[in-house]
Amino acid sequence: MAVPPIPQARAAVPVRAVRVPLMLDVVVGLLVAVALPLAIVAIPNTISVVAALLPPGASQIAMTRAHGLALPIMLLTVPLASVAVRRFRSAPILVVGLTLLAAADAAGGYAGSAVTVGVLRVLHGIGAGLLLPATLVAVWERPRRRFLLPLWAGTLAASLAGAQALALWPLAKATAWQVTLQPYPLLTGVALALAAVYLVLWIVARDGADRAESATEGPSASERSRLGLAAVPAAGIAVLAVGTTFDWPPVLVIAAAAVAVVAMLGLGAVAAFEGPGGRTLAFTSVAVGLVVLPTAAQTTYVEMGGVRGGPGLSGLWLPFMLAAVVALVAACFVGALKEERAGRFVGAGLVAVVAGLCAIRLIAPTPDGLLLVVPFALLAGGSAVALVAALRPVRLGTALLGLSLCFPAVLAGFLLGTGVQLTRLQDVARSGDPTKPELIAQAFVDALWTWALVGGFAVVGIIVIASWLGRREPAPSRRGSVVLVPSPTPSPEEKTGGNGETFSDR
């Protein structure tokens, strides 16, 4: 009598092939939701808000200058970290970045001088600069990137819009100025624990059936050169930012920042992007970085001061929360579309950002905090839509290059806004009593209105220039360079990099 074959056990394969990848997707999503806002919250310089709590012998100017080092260091770190994360993968870089943030938070309570503040803020900048590309690559490594990428873009947009308020909320009842160096230590610890879990799961996946899925080659020589090229304007704008703290005239600050913006747009126009959509993403990243966080920061300062009966800081949490929901929902909507349809939303998202700037000009300041959901939702939602639509067709190296251009634009936006504010305050000093609170408050409101106008024209100019450059492209390369208009879906061959990596998000 024939003995039937004994079926081989297959229970261990699904556990490894399904549960571990699924757990990786969940952990990556949680890391994006927690670590990305922590990186953006490191940007604002908030020490002037607690100036009354500084020790008697401390120089407020020196403290402010030291606290402002985080953003220049961050934008210098991002392109270098982009090369590192492509070589060493995202999991170890996430652990290193969050460890630096946690160490700086832990040491923040013991800071007592401007030198210590400067060192800790440099650590904040490096840690945040590591997290930004590491979270993007972590999303890119997953097969469910089509669902995780909208979460990343929506979280980034919402974080840019709410960073200033998030950095200020812990200071509302602060009794020590060191709180500015450790705004969310518990959340940093949670993010570090998630990164450790992700590292363990990533090692298990690489050693098992998921190894072929997660293992990719390091950056190509052309990718390293392009990321290195992005570090040039980053270094230039970082030096400008430090230089402007030494009493530069407002006109010189504005001119230097404008030159930096032109340089970034020029780099985005001429860089040798691989694959379709590179120029679109470059221009979109510059536009979003230039206006979203600087505009939201100025609006937050005006409204938290209660200008004209404004809602104050406590009245801003609901508009920002609703704006974050709008950004995530809008990003998921565009992410669910087919790639050729999603490309049409790049221009629509940037137009929504312009509408948000117009709403700032019309609504702020307002005594009703809920009305601010209109400009905040347009800024966050529009930038989320534009980023998702621009990221969908590109390769990972191009996505990292776009990210490397975004944060120099953030710093340029801050410099432009600061130049406008200083110009308005000088007008007050020349025309009336410079110590009168009403005149100073109105100067900040006028500066916000002027900046909204300048930012709106800047984004419109970026849209026009990008579209003009797209029309001038010769036919053979047009598919890879059209800006702010939909690009045809790349073929499977075009979606595969030279090192064999597949960029399909389906």
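Computed over heavy atoms, backbone and side chain alike; hydrogens, waters and symmetry mates excluded.
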For residues 251-267, tabulate all N or O donor-acceptor pairs below 3.5 Å that involve a side-chain atom, not counting sequence neighbours.
none

Side-chain donor or acceptor of [X] paired with backbone N/O of [Y] under 3.5 Å:
{"X": "Glu303", "Y": "Thr366", "result": "yes"}
{"X": "Thr398", "Y": "Val394", "result": "no"}
{"X": "Tyr184", "Y": "Pro170", "result": "no"}
{"X": "Arg361", "Y": "Ala452", "result": "no"}

So how far is it from [X] [atom1] to [Y] [atom2], rounded to the nearest 0.5 Å?
{"X": "Thr135", "Y": "Leu156", "atom1": "OG1", "atom2": "CG", "result": "8.0 Å"}
{"X": "Met74", "Y": "Arg121", "atom1": "CE", "atom2": "CZ", "result": "8.0 Å"}
{"X": "Asp105", "Y": "Gln178", "atom1": "CG", "atom2": "CD", "result": "13.0 Å"}

What's the shortest heavy-atom distance between [X] and [Y], and which atoms?
{"X": "Ala42", "Y": "Ala128", "value": "CB-CB, 4.2 Å"}
{"X": "Thr284", "Y": "Ala386", "value": "CG2-CB, 3.7 Å"}
{"X": "Val410", "Y": "Leu71", "value": "CG1-CD2, 4.2 Å"}
{"X": "Leu372", "Y": "Ala364", "value": "CD2-CB, 4.4 Å"}

Could you check [options] and say which one makes a side-chain contact (heavy atoms from CB on, under 4.5 Å) with [X]?
{"X": "Trp177", "options": "Val49, Val117, Leu171", "value": "Val117"}
{"X": "Val32", "options": "Leu151, Leu131, Leu136", "value": "Leu151"}
{"X": "Trp152", "options": "Val388, Leu387, Val139", "value": "Val139"}

**OP:** Take atom CH2 of Trp317 as the centre, draw a 6.0 Å sphere, and report whether it contains more than 12 heavy atoms from other residues, nucleotides or ligands.
**Re:**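 Atom CH2 in Trp317 is not packed in, count stays at 12 or less.
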Original post:
Are Gln298 and Gln164 close enough, and set up right, to give a side chain to side chain contact (heavy atoms under 4.5 Å, CB included), and what steps lead you there?
Top reply: CA-CA 9 Å; Gln298 283 200 43; Gln164 194 71 41; over 6 Å; no
Original post:
Relative to each other, are the rings of Trp169 and Phe320 parallel, tilted or perpendicular (30° and 60° limits)?
Top reply: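 Ring orientation, 0 to 90° scale: perpendicular.
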Subject >> Qualifying residues under side chain to side chain contact (heavy atoms under 4.5 Å, CB included), relative to Ala33, sequence neighbours excluded >> reply: none
Subject >> Note, Leu403 side chain near Leu132 side chain (heavy atom, < 4.5 Å) >> reply: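 The answer is yes; the side chains approach within 4.5 Å.
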**OP:** Please examine the side chains of Phe345 and Val351, heavy atoms only from C-beta on, and report whether any two atoms are closer than 4.5 Å.
**Re:** no
**OP:** Before giving the answer on side chain to side chain contact (heavy atoms under 4.5 Å, CB included), spell out for Phe376 and Leu322 the whole-Å C-alpha distance, their side-chain angles and the decisive distance to 0.1 Å.
**Re:** CA-CA 9 Å; Phe376 291 157; Leu322 294 176; over 6 Å; no
